Amino acid sequence: MALSTAKSSSKNSTMAAQTSPLARLSLIIFTLSMFMWCSYGSSDKRQVYIVYMGNLPKGKVSTTSLHTSMLHEVLPSSTVGSEVLLYSYHRSFNGFAAKLTKDEAAKLREKDGVVSVFRSQKKQLHTTRSWDFMGFNKKVKRSIIESDIIVGMLDTGIWPESQSFNDTGLGPIPIKWKGTCQSSANFTCNRKIIGAKYYRANGDISPYDYKSPRDSEGHGTHTSSTAAGGLVSKASLYGLAKGTARGGVPSARIAVYKICWSDGCYDEDILAAFDDAIADGVDIISLSVGSFFSSEYFDDTIAIGAFHSMKNGVLTSNSAGNSGPILSSITNFSPWSLSVAASTIDRKFITKVKLGNGKIYEGTSINTFDLMGKMYPFIAGAAAPNTSQGYTSEDSRFCGPGTLNETLVKGKIVFCDYDSDGTGPAQAGAIGAVFQSGGYKDYVFPYSLPLSNLNLDDGRNVLNYVNTTENPTATIFKTNVEDDQFAPFVVSFSSRGPNPATPDILKPDVTAPGVDILAAWSEVVPLTETKDDTRIVPYNIISGTSMSCPHATGAAAYVKSFHPTWSPAAIKSALMTTAFPMSSKNNLEAEFAYGAGHINPAQAAQPGLVYDAGEIDYVKFLCGQGYTPKQLKLITESNFTCSEETNGAVWDLNYPSFTLSSTPGNSITRVFHRTVTNVGSPVSTYKAVVNAPPGLIIQVQPSVLSFKSIGQKLTFIVTVGAEIGNSMISGSLIWDDGVNQVRSPIVAYASL
């Protein structure tokens with residue numbers, strides 16, 4: 001399903017889609033071809049399948065024995081063993097992972113008690129200043145039970161020695177914790193990291209990985225410290241982004257579930273981690289992982305795991321994906337989970353290039369090297385082809401590995417016509433590199449040598465200088481941090497809606513900081529992951545929806561610490577309805593980029609009203625989506641049956657946003673039924689404030705809601721009429737009592 005994370009890549013595994021458009025297209029084509037090749041292989045070849053069976057059976061039933069018995073019915077008895085049955089999911093839900101042929105999988109699919117059978121796929125991994133940027137400073141009000149909150153991190157593991165995970169000042173481990181710490185010679189837990197396990201069903205662990213919960217990638221350490229890391233002063237990357245690193249809930253506990261390795265994250269391991277995390281007693285699950293392909297809700301391990309988390313009162317926070325800005329590229333979109341886009345904060349990283357003629361150009365990168373202003377010889381890559389290996393100037397102008405003549409390039413700054421990882425110039429002995437590209441410049445990377453990435457206009461001027469000057473020289477300055485007055489806006493790589501499975505549920509739900517985020521790092525991973533880079537750092541700056549997801553996780557945990565009995569839907573509603581509104585001026589895709597808006601953690605703890613929903617509401621929704629009574633009976637403990645009366649229209653799911661779609665050029669009217677629960681002042685009156693631009697008609701009945709107690713629920717109807725052209729129309733509904741403004745986006749768009 002997703003490409004593996006190459007250990008030699010200089011771009012972090014969070015950023016499979018953060019390459020140039022051409023490289024990203026090549027990546028997708030290669031992935032598609034591999035996917036097709038794998039999917040249509042021999043029916044006799046055993047591959048890993050997930051057999052999902054819904055709820056745990058009632059009574060004293062050994063689920064493992066049940067799973068083994070089912071396998072015996074479709075496999076030769078001699079083949080059933082640990083090498084076939086990889087996982088038996090039996091703590092929080094029912095199912096197993098096994099090595100099967102296509103024919104065997106088909107037989108299991110027809111058996112009673114089976115909801116779905118699908119091929120296991122490999123998923124990909126999709127942050128100082130960010131919390132302050134949201135108005136969530138160190139002095140924000142804290143709950144006295146924050147230290148009882150347990151955040152479950154499903155990721156690449158953790159670097160336990162990081163100062164972000166120091167347990168000084170923390171009390172005993174919460175008594176509700178039922179998990180374990182998979183200790184080893186190189187890994188121990190403490191009162192901050194209270195549990196840790198690793199998952200690798202196939203047992204194949206590369207030399208680059210640790211056979212323990214220890215993080216060899218850096219990604220899991222980064223996300224964990226962003227969500228729940230303690231306060232660490234003077235954190236920086238070689239002086240860049242210097243400040244106090246901290247998580248959203250600094251005194252909360254962390255439970256680590258290592259599901260991702262140097263070659264990716266496998267479905268069977270993801271589901272096993274969900275099974276354990278729910279049973280272990282975590283309060284929030286954070287998962288910055290996804291695939292290149294959208295799936296049906298119960299053919300996707302993340303949606304399945306999140307559904308059972310929801311049933312057990314645990315919200316799952318998901319990264320939206322890194323395949324933007326293509327529409328409908330979001331891969332985590334189940335309505336019972338929180339889908340998080342990535343946006344910028346109010347700083348940007350600028351790397352200046354000075355030429356021998358005195359002119360200075362501003363590019364982008366994270367350059368930690370200081371050339372002290374010394375001017376070096378400057379050469380165009382096109383003028384230094386490695387002809388001994390058959391390369392011409394048409395090859396060397398792009399500065400790919402092996403294409404440059406080392407004799408001509410060594411000790412010089414080289415100009416390249418393409419944005420790559422810098423490996424080519426570094427291998428050829430260049431002292432630095434200047435790139436030009438037409439790609440997005442709204443996020444940056446570190447490189448293994450001094451480097452600045454210019455836009456095409458500036459690049460054209462610099463190249464002209466190189467080509468027309470007898471002895472051209474240049475220098476590259478260390479990166480400076482400057483204010484970004486346009487922040488926040490959703491970054492280009494962040495996956496967009498609309499929802500590919502259910503077009504009339506808005507996704508993503510919210511956006512959060514995910515660009516150039518400083519957070520803890522594994523002190524075994526070179527800064528750029530290249531073999532020539534010897535820089536080992538305790539804190540690193542990276543970008544991705546992998547970084548925005550733990551910000552939302554921390555915000556959700558913060559809300560949970562004040563309202564421990566709130567449902568996952570109530571917490572999600574609080575985050576969505578209190579979000580800072582954003583503008584389509586900076587993001588043409590509007591709500592498909594940022595959902596309800598940018599999270600506002602401090603306000604989310606006091607939302608006034610919440611749109612609540614539980615298991616039965618989602619089951620009604622699934623009825624309306626065409627799931628069969630047989631499937632739904634297996635995933636829910638009730639005797640609910642689908643009928644005309646109980647088939648839930650998507651517009652009636654009690655969601656904190658309103659979405660309607662139709663074919664271009666049509667007029668459409670939809671009726672939405674909603675219920676809000678009062679969680680603010682016991683006696684309060686809310687008035688409906690409607691924002692309806694031309695082409696959108698919004699009516700709310702009743703337009704005034706009067707509450708007499710906390711917990712009281714009141715229902716209202718929203719009727720939306722839209723003249724849909726070829727684009728989106730956005731409005732909003734705000735319930736306002738003079739103190740709280742409970743805002744929901746209303747979106748109408750043309751679906752293709």
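If you read the sequence from its start, that first residue is 1, and numbering goes on from there. Note that the structure is a prediction, hence the values are computed from the model and not measured.
Residues Gln427 and Glu406 share a closest heavy-atom pair of O-OE2, 3.9 Å. Taking every heavy atom of both residues into account, Ser319 and Asn332 meet most closely at O-ND2, 2.8 Å. Leu404 and Ser396 get closest at one heavy-atom pair: CD2-O, 3.6 Å. Closest of all the heavy-atom pairs between His551 and Pro513 is ND1-O, 3.1 Å.
Residues Ser543 and Val491 are not in side-chain contact: their nearest non-hydrogen atoms beyond the backbone lie 4.5 Å or more apart. Annotation: side chain of Phe445 is not in contact with side chain of Thr528 (no heavy-atom distance under 4.5 Å). Residues Pro160 and Phe165 have side chains not in contact (no heavy-atom distance under 4.5 Å, counting atoms from C-beta outward). At least one side-chain heavy atom of Tyr539 sits under 4.5 Å from a side-chain heavy atom of Ser162. Between Glu217 and Val525, the closest side-chain pair of non-hydrogen atoms is not below 4.5 Å. Taking the side chain as every heavy atom from C-beta outward, Asp516 and Lys348 never approach each other to under 4.5 Å. Using a 4.5 Å heavy-atom threshold, the side chains of Tyr376 and Leu371 count as touching. Inter-residue side-chain proximity for Glu362 and Glu482 is flagged as met; some heavy-atom pair is nearer than 4.5 Å.
Aromatic rings of Phe493 and Tyr443 (six-membered ring for Trp) have centroids within the 6.0 Å cut-off, being under it.
The 12-atom threshold is not exceeded at CG of Asp483, counting heavy atoms of other residues, nucleotides or ligands nearer than 6.0 Å. Counting heavy atoms of neighbouring residues, nucleotides and ligands inside a 6.0 Å radius, atom NZ of Lys354 does not exceed 12 of them.
Residues satisfying the side-chain hydrogen bond (donor to acceptor under 3.5 Å, both in side chains) criterion with Ser393, sequence neighbours excluded, are absent altogether.
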Using side-chain contact (heavy atoms from CB on, under 4.5 Å), reason through Tyr447 and Phe369 one step at a time and then give a plain yes or no.
CA-CA 10 Å; Tyr447 297 86; Phe369 302 102; over 6 Å; no
Pair Arg347, Val481 - check side-chain contact (heavy atoms from CB on, under 4.5 Å), show working.
CA-CA 6 Å; Arg347 69 179 178 204; Val481 180; 3.9 Å; yes
Apply side-chain contact (heavy atoms from CB on, under 4.5 Å) to Lys412 and Phe378, showing your working.
CA-CA 6 Å; Lys412 300 178 182 178; Phe378 198 10; over 6 Å; no
Go through the steps to decide whether Ser343 and Thr511 satisfy the test side-chain hydrogen bond (donor to acceptor under 3.5 Å, both in side chains), and finish with yes or no.
CA-CA 6 Å; Ser343 46; Thr511 188; 3.0 Å; yes
Kindly determine whether Val537 and Glu523 satisfy side-chain contact (heavy atoms from CB on, under 4.5 Å), including the steps that lead there.
CA-CA 6 Å; Val537 296; Glu523 294 186 54; over 6 Å; no
Output, in order, the C-alpha distance, side-chain angles, deciding distance and verdict of side-chain hydrogen bond (donor to acceptor under 3.5 Å, both in side chains) for Asn186 and Ser212.
CA-CA 8 Å; Asn186 72 353; Ser212 80; 3.3 Å; yes
Step by step, would you call Asp417 with Arg397 a salt bridge (charged side-chain N to carboxylate O under 4.0 Å, His left out)?
CA-CA 6 Å; Asp417 275 336; Arg397 61 185 285 235; 2.9 Å; yes
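To the nearest 0.5 Å, atoms CD1 (Ile536) and CH2 (Trp521) are separated by 10.5 Å. Considering CD1 of Ile158 and NZ of Lys192, their distance stands at 9.0 Å, rounded to 0.5 Å. Rounding to the nearest 0.5 Å gives a distance of 12.0 Å between OH of Tyr210 and OG1 of Thr156. Put simply, CG on Asn453 and OH on Tyr418 are 11.0 Å apart, with the number rounded to the nearest 0.5 Å. In this structure, CD1 in Ile345 is found 8.5 Å from NE2 in His598, a value given to the nearest 0.5 Å. Of the inter-residue distances, the one linking Cys265 atom SG with Lys258 atom NZ reads 11.5 Å to the nearest 0.5 angstrom.
No hydrogens or angles considered: a donor-acceptor pair under 3.5 Å links the side chains of Asp442 and Ser492. Asn586 and Ser583 form no side-chain donor-acceptor contact under 3.5 Å, judged by distance and modelled atom types alone. Between the side chains of Ser339 and Asn318, not a single donor N or O lies within less than 3.5 Å of an accepting N or O. Looking only at atom types and distance, the side chain of Asp209 has a donor-acceptor partner in the side chain of Ser216 under 3.5 Å away. For the residue pair Ser452/Thr351, the side-chain donor-acceptor check at 3.5 Å is not satisfied. If you check the side chains of Asn367 and Ser365, you find no donor sitting under 3.5 Å from an acceptor. Defined by atom type and a distance below 3.5 Å, a donor-acceptor pair is missing between the side-chain atoms of Ser233 and Thr244. Side-chain contact of Thr553 with Ser317: a donor-acceptor pair under 3.5 Å is present, judged by distance alone.
In summary, of the residues considered (Ser288, Pro550, Ser286, Ser224), a side-chain contact (heavy atoms from CB on, under 4.5 Å) with Asp155 occurs for Ser288 alone.
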